[in-house]
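A quick write-up on the structure given underneath.
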2 protein chains.
Amino acid sequence: MDQSGMHGDRRLPSTDAPSLAERIRSEMESFTPSEKRAAHLLLSHYPFAGLDTVAEFASRAGISAPSVLRFVTRLGFSGFPDFQKHLREELEAQLLSPLAKASPSDKGQGAPALASFAEAVIGNLRATVENIAPAEFEAVVTLLSDPRRHIHFTGGRFTGALARYAESHFRIVRSHVDFIEGQPALWRDRMVEIGRRDVIVAFDIRRYQEDVTALCETASRQGATVVLLTDPWLSPIARVARHVLPAHIVAPSNWDSSAGLLLLTEALVASVTKRLWDTAKPRMEAVERLRNERS
Amino acid sequence: MDQSGMHGDRRLPSTDAPSLAERIRSEMESFTPSEKRAAHLLLSHYPFAGLDTVAEFASRAGISAPSVLRFVTRLGFSGFPDFQKHLREELEAQLLSPLAKASPSDKGQGAPALASFAEAVIGNLRATVENIAPAEFEAVVTLLSDPRRHIHFTGGRFTGALARYAESHFRIVRSHVDFIEGQPALWRDRMVEIGRRDVIVAFDIRRYQEDVTALCETASRQGATVVLLTDPWLSPIARVARHVLPAHIVAPSNWDSSAGLLLLTEALVASVTKRLWDTAKPRMEAVERLRNERS
DNA sequence: CAGGTTCTGAAATTTCTGATACAGCTTTTG
DNA sequence: CAAAAGCTGTATCAGAAATTTCAGAACCTG
């Protein structure tokens with residue numbers, strides 16, 4: 001349902017100005033380590049990082065002033081003021097042509113493996129958001145914000161990492177949070193204490209894993225509430241799940257992309273944190289304190 | 001160089017920007033003749049005219065340098081640098097706003113919670129791709145595609161999950177892949193066999209974790225090649241890293257978003273899989289066969 | 001592991017910019 | 001029209017910023 005030629009039309013006019021940023025990117029590999037640090041700082045806050053003084057720039061990049069000077073000299077400028085002048089002019093030109101803002105990254109040949117992959121992932125995220133009912137999302141937030149519930153995260157061989165990611169955040173925001181390994185041998189005995197007050201949040205995408213399904217079915221049978229994050233074709237777990245949040249996962253790769261699942265996870269973490277802020281804040285501070293003590 | 005209290009806030013001129021330009025327009029009447037000339041120049045090339053030197057500005061406005069100084073003083077700035085700083089910040093805020101502008105529906109907070117979060121994440125992904133040199137990315141792909149190398153993934157308390165995610169994929173594509181827990185006690189003894197042929201892929205974002213840094217430094221000292229996936233502020237690991245891939249992580253949440261890191265990870269997996277396809281395909285089939293047997 | 005090369009930062013040096021004092025000019029006002 | 005007040009520019013200075021130097025450190029390379 002998406003595009004043939006990767007969002008084909010984009011007016012190439014802008015300026016055929018190679019844009020300093022682009023040049024830096026393409027020459028990145030030829031830079032020395034400290035030049036790379038300078039380059040990264042500049043690109044990450046382009047072009048504002050370069051408008052400060054040499055000293056400021058150097059300190060923010062974590063290198064010395066002379067290294068900064070060498071960096072701009074290497075880029076072909078006669079000195080730092082010359083470099084800044086170029087940045088200002090480029091910025092002015094760019095601001096005057098509103099449309100030029102779009103990424104000029106499609107100039108290269110078929111090389112942008114990363115860029116085209118990113119576009120596909122972004123498409124997935126958009127599609128994911130569109131296909132989820134806000135009410136469903138909110139219902140899950142409410143469920144996970146209930147302090148009386150016990151939350152268990154689990155997932156398959158790839159999605160297990162996402163479950164861990166979720167668990168590592170929720171653990172800090174609230175209590176009664178844990179991670180369950182997918183292998184039956186590891187959770188069978190824990191099932192005795194799973195009941196009505198428990199919530200299982202399962203991650204499962206195609207090549208659905210039988211053991212995760214089994215876990216959810218067992219938990220459901222004992223009265224637990226199951227939340228499922230899956231792909232649009234729905235894991236069999238959907239049959240026992242109270243809430244289902246599907247994410248688009250197809251990418252130009254031999255593998256599926258979990259970015260949509262991560263998006264949902266992070267959005268849930270953000271919303272629950274906000275909802276529980278009164279209790280979450282002291283908790284987070286306490287965790288922080290404990291971490292610092294240990295050093 | 002970081003922040004107090006959970007980094008929730010990022011300082012920027014933010015909302016109610018009266019914009020210096022507006023104020024100048026409204027006070028124009030009260031200016032002296034030469035101040036008016038300065039004001040007109042500034043407004044006609046706002047704000048770039050103000051980013052030059054005093055002398056340049058004075059000359060372009062057809063007045064003397066001291067008049068320019070008096071002008072900015074009258075506007076309430078402590079000096080010319082102060083004035084320029086304000087212009088830069090205003091400009092930066094304005095240029096960055098297009099992203100915030102994306103979600104015009106901030107009225108309630110029911111539905112848009114997910115949607116606006118998604119927009120922010122998408123912005124991060126775009127910015128991440130923009131700031132990575134294709135050559136750098138390709139270099140990492142090449143490194144990870146070398147069958148003679150041994151690849152170790154590691155990460156911090158949150159990013160560790162991403163390292164696991166990476167490991168679970170690479171493990172299938174190629175051999176000599178593993179995951180290292182961040183705690184020093186768990187890796188100290190493994191370090192004896194880390195050497196020149198090893199590659200450490202570390203995930204580390206702000207609230208950089210000392211144990212992960214220590215691991216990378218130790219590995220680096222023993223000749224291993226370090227690849228770092230981090231945020232734009234660069235983990236201290238960057239010091240010893242051969243390759244650095246920074247991802248934007250700021251989201252409308254109390255937490256940082258790892259979506260950019262996941263994007264990079266998946267893109268690396270996709271590229272390496274393609275590059276090693278001849279050997280990866282049989283491997284993947286074999287893995288599949290083994291999994292099916294077990295049932 | 002030595003010898004050579006490259007890279008890097010501390011400190012000295014130079015350049016240049018922003019700031020100020022003061023005198024001349026213009027405008028205002030009685 | 002004269003005196004006062006207000007502007008403005010020239011000349012100068014102080015200080016900050018960029019640049020260069022140089023020695024030590026890191027990194028190759030044979």
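The analysis underlying the following values was restricted to heavy atoms, covering all of them including side chains, and did not include hydrogens, waters or symmetry mates. Lettering follows sequence order; numbering is per chain, from 1.
Contact annotation: Ser67(B) side-chain N/O to dG9(D) OP1/OP2 distance is under 4.0 Å. Applying the 4.0 Å criterion to OP1 and OP2 of dT8(C), one finds that Ser34(A) has a side-chain N or O inside that range. For the pair Thr32(A) and dT8(C), the criterion of a side-chain N or O lying under 4.0 Å from OP1 or OP2 is met.
Between the CG atom of Asp52(A) and the P atom of dT17(C) there is a distance of 17 Å, rounded to whole Å. In this structure, Phe31(B) places its CZ atom 20 Å from P of dT27(C), rounding to the nearest Å. One interatomic measurement links the two molecules: CD of Gln84(B) to P of dT17(C), which rounds to 11 Å at whole-angstrom precision. When rounded to the nearest whole Å, the span between CZ of Phe57(B) and C1' of dC16(C) equals 19 Å. In this structure, Arg242(B) places its CZ atom 14 Å from P of dC7(C), rounding to the nearest Å. At whole-Å resolution of the value, CZ in Arg221(B) and P in dA26(D) are 12 Å apart. Following rounding to the nearest Å, Arg37(B) (CZ) and dC7(D) (P) show an atom-to-atom distance of 16 Å. We find that CZ of Phe83(B) is positioned 11 Å from P of dA19(C), with the value rounded to whole Å.
Asn124(B) places a side-chain N or O within donor-acceptor distance of the main-chain N or O of Val250(B), the cut-off being under 3.5 Å. Checked by atom type and distance alone, the side chain of Ser59(B) never pairs as donor or acceptor with a backbone atom of Ala55(B) at under 3.5 Å. A donor-acceptor contact shorter than 3.5 Å links the side chain of Thr128(B) to the backbone of His248(B). Not one N or O on the side chain of Glu217(B) forms a donor-acceptor pair closer than 3.5 Å with the backbone of Ile237(B).
Listed by first then second residue, pairs satisfying salt bridge (Lys or Arg N to Asp or Glu O under 4.0 Å) with a partner in residues 37-59 of chain A read Asp52(A)-Arg88(B), not counting sequence neighbours. For residues 51-74 of chain A, the pairs satisfying ring-ring contact (aromatic ring centres under 6.0 Å, His included) are Phe31(A)-Phe71(A), with sequence neighbours left out.
Within the helix from dC1(C)-dG30(D) to dG30(C)-dC1(D), the inter-axis angle between the opening and closing five-pair segments is 30°, rounded to 10°.
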Let me check something: any side-chain donor-acceptor pairs from residues 173-181 of chain B under 3.5 Å, sequence neighbours excluded? List them with distances.
| unit_1 | atom_1 | unit_2 | atom_2 | d |
| --- | --- | --- | --- | --- |
| Arg174(B) | NH1 | Leu144(B) | O | 2.7 |
| Arg174(B) | NH1 | Asp146(B) | O | 2.9 |
| Arg174(B) | NH2 | Asp146(B) | O | 3.4 |
| Arg174(B) | NH2 | Arg149(B) | O | 2.5 |
| Asp178(B) | OD1 | His152(B) | ND1 | 2.7 |
| Asp178(B) | OD2 | His152(B) | ND1 | 3.4 |
| Asp178(B) | OD2 | Arg190(B) | NH2 | 2.8 |
| Glu181(B) | OE2 | Arg164(B) | NH2 | 3.0 |

Subject >> salt bridge (charged side-chain N to carboxylate O under 4.0 Å, His left out) assessment of Arg157(B) paired with Glu288(A) >> reply: CA-CA 13 Å; Arg157(B) 54 174 171 165; Glu288(A) 217 49 42; 3.7 Å; yes
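Put simply, the side chain of Glu266(B) reaches to within 4.5 Å of the side chain of Phe117(A), judged on heavy atoms. For the pair Arg60(A)/His45(A), a side-chain contact is recorded, criterion being any heavy-atom separation below 4.5 Å from C-beta on. Looking only at side-chain heavy atoms (C-beta outward), Ile132(B) and Pro246(B) come within less than 4.5 Å of each other.
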Taking only nitrogen or oxygen atoms into account, show me every contact under 3.5 Å that the protein makes with nucleotides 2-5 of chain C, one pair per line with its distance.
none

Nucleotide N/O to protein N/O under 3.5 Å, stretch nucleotides 10-17 of chain D:
none

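Other residues, nucleotides and ligands contribute only 12 or fewer heavy atoms inside 6.0 Å of the NZ atom of Lys274(B).
Listed by chain and number, the residues in a side-chain contact (heavy atoms from CB on, under 4.5 Å) with His86(A) are Leu20(A), Phe77(A), Glu90(A) (sequence neighbours excluded). The side-chain contact (heavy atoms from CB on, under 4.5 Å) test applied to Ser30(A) returns Glu27(A), Arg74(A), not counting sequence neighbours. Residues meeting the side-chain contact (heavy atoms from CB on, under 4.5 Å) test with Lys281(B), sequence neighbours left out: Trp277(B), Glu285(B). Under the side-chain contact (heavy atoms from CB on, under 4.5 Å) criterion, Ala166(B) pairs with Phe153(B), Phe170(B), Phe203(B), Thr265(B), not counting sequence neighbours.
Within residues 68-79 of chain B, the residues approaching DNA chain D are Arg70(B), by heavy-atom distance under 4.0 Å. For residues 192-202 of chain B, proximity to DNA chain D is found at no residue, defined as any non-hydrogen atom under 4.0 angstrom from a strand atom.
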